[in-house]
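For reference, the structure is listed below as structure tokens.
Starting from 1, each residue takes its place in the sequence as its number.
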Amino acid sequence: MPEAEISYSKVTPIDGYGPGFFRIADQVINGAILVLPSKVVTWGGYGDTGGIVATAPELDVMLIGTGADIAHLPPEFVTALEGGGIGVEPMASPSACRLYNILLSEGRRIGCALLPV
């Protein structure tokens with residue numbers, strides 16, 4: 001059976017990641033990033049919720065990549081996002097990258113906040 005080609009339309013999948021960086025649209029971005037339906041930007045970490053909450057009308061859920069391993073999220077971070085109407089799903093960053101691409105290919109309204117591995 002031939003592989004089906006995935007179309008991402010106007011949104012960008014995550015091409016890869018490595019120690020301290022992510023690769024998106026053939027561009028390497030060092031450090032933490034936000035991958036949102038309308039843009040990809042650097043992210044200031046758990047204290048930086050404004051950029052995420054501002055995109056709440058575009059999102060149903062936000063995957064939170066906590067680095068190399070899954071970690072607990074600060075309660076105030078979760079409260080800020082959920083208060084803005086965004087579901088929060090924490091997981092290790094490699095898992096978040098893979099799940100983001102899968103959900104994106106299904107046309108889901110998804111975002112991803114990623115700490116580097």
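Under the rule for a side-chain contact (heavy atoms from CB on, under 4.5 Å), the partners of Glu82 that lie at least two apart in sequence or sit in another chain are Val78, Val88. Annotation: side-chain hydrogen bond (donor to acceptor under 3.5 Å, both in side chains) contacts of Thr79 (sequence neighbours excluded): none.
A distance of 6.0 Å separates OH in Tyr100 from CD1 in Ile14, rounded to the nearest 0.5 Å. Taking CD from Glu89 and OG from Ser95, the interatomic distance works out to 12.5 Å, rounded to the nearest 0.5 Å. Rounding to the nearest 0.5 Å places CZ of Arg108 at 9.5 Å from CG of Leu63.
Put simply, the side chain of Val61 does not reach to within 4.5 Å of the side chain of Ile86, judged on heavy atoms. Ile64 places a side-chain heavy atom less than 4.5 Å from the side chain of Leu81. Annotation: side chain of Met62 is in contact with side chain of Leu34 (closest heavy-atom distance under 4.5 Å). Here the side chains of Met91 and Leu99 are in contact, with some heavy-atom distance below 4.5 Å.
Scanning both residues, Pro90 and Ala71, for their nearest heavy atoms gives CB-O, 4.4 Å. Closest approach of Gly65 to Ala96, counting heavy atoms only: CA-CB, 4.0 Å.
Ile70 shares a hydrophobic cluster with no other residue; no ILVMFWY side chain has heavy atoms under 4.5 Å from its own.
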Output a table of donor-acceptor pairs, distance under 3.5 Å, between side-chain atoms of residues 109-117 and any protein atom two or more places apart or on a different chain; print 'none' if there are none.
from	atom 1	to	atom 2	distance (Å)
Arg109	NE	Asp60	OD1	3.2
Arg109	NE	Asp60	OD2	3.2
Arg109	NH1	Pro57	O	2.9
Arg109	NH2	Pro57	O	3.1
Arg109	NH2	Leu59	O	3.3
Arg109	NH2	Asp60	OD1	3.3

Side-chain polar contacts of residues 15-29 - donor-acceptor pairs under 3.5 angstrom, sequence neighbours left out - could you list them?
from	atom 1	to	atom 2	distance (Å)
Asp15	OD2	Ala25	N	2.9
Asp15	OD2	Asp26	N	3.2

Expected list for residues 44-56: side-chain donor-acceptor pairs under 3.5 angstrom, two or more places apart:
from	atom 1	to	atom 2	distance (Å)
Asp48	OD2	Gly44	N	2.9
Thr55	OG1	Ile52	O	2.7

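Atom CG of Asn30 is surrounded by more than 12 heavy atoms from other residues, nucleotides or ligands within 6.0 Å.
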